[in-house]
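In this text the structure is predicted, and so the values were computed from the model without any measurement. Count residues from 1 along the sequence.
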Amino acid sequence: MPHKVKTLQGWYDEVWIKGDLDAIPKFLAPNARSRGIMGDMPFSIEDLTELVTMVRELLGPIEITLPITMEQDDWLSALVEIKSHSADTGDPVHVFGQVIARFEGIQMVEIYTGTDSLTLFEQLSLLPENAMAVMLGGTRLR
């Protein structure tokens, strides 16, 4: 497994799956920045620590795989598959995301992510079923 893929999978395994927040500096450079988690708002390492904690509280045990990866120079792009269940209802959770990361050495310094948050929150029963279809029809969720 190429080192960038190994690092990214390690990031998900140690930080997101095991919840080892002390492992974050192993994967992210001190000046690392992430975008795409909540629109265009940049996330610092401290913000990511809070995000990981909040997401892990919503889910049961998490499985994260990288079914497709592509590398070019300092960059790695990956399809991210996330499986779990709602900590509240026990309902299954299965969503996909994408990540593009730039590496300096063995650490990530730039991360751009996109996860199907709409489906995630539907599966967690925090949004109505078929929210996307409802909103495409012009209905506002309030």
Pairwise distance [atom1]([X]) to [atom2]([Y]) - rounded to 0.5 angstrom:
| X | Y | atom1 | atom2 | answer |
| --- | --- | --- | --- | --- |
| Gln123 | Ser86 | CD | OG | 10.0 Å |
| Phe121 | Asp116 | CZ | CG | 10.5 Å |
| Leu118 | Asn130 | CG | CG | 10.0 Å |
| Glu14 | Ile24 | CD | CD1 | 11.0 Å |
| Asp13 | Asp20 | CG | CG | 11.5 Å |

Is the closest side-chain heavy-atom distance between [X] and [Y] below 4.5 Å?
| X | Y | answer |
| --- | --- | --- |
| Leu21 | Val52 | yes |
| Val93 | Ile62 | no |
| Leu120 | Leu58 | no |
| Ile82 | Trp16 | no |
| Trp75 | Lys4 | no |
| Phe27 | Ile111 | no |
| Thr119 | Phe96 | no |
| Asp88 | Ser125 | no |

Exercise. Counting N and O atoms only, with roles assigned by atom type, does the side chain of Gln107 sit under 3.5 Å from a partner on the main chain of Pro25, one being a donor and the other an acceptor?
Worked result: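 Present.
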For this session: State which residue, out of Leu76, Asp74, Leu28, fulfils the side chain to side chain contact (heavy atoms under 4.5 Å, CB included) condition with Met108.
Result: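 Among Leu76, Asp74, Leu28, the one that satisfies the side chain to side chain contact (heavy atoms under 4.5 Å, CB included) with Met108 is Leu28.
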Problem set entry | Pairing residues for Leu141 by the side-chain contact (heavy atoms from CB on, under 4.5 Å) criterion, not counting sequence neighbours |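 Once residues adjacent in sequence are excluded, the partners of Leu141 under the side-chain contact (heavy atoms from CB on, under 4.5 Å) criterion are Leu127, Pro128, Ala131, Val134, Met135.
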Exercise. Is it true that atom CG of Leu126 has more than 12 heavy atoms of other residues, nucleotides or ligands lying nearer than 6.0 Å?
Worked result: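 Yes, because the 6.0 Å sphere around CG of Leu126 holds more than 12 heavy atoms from other groups.
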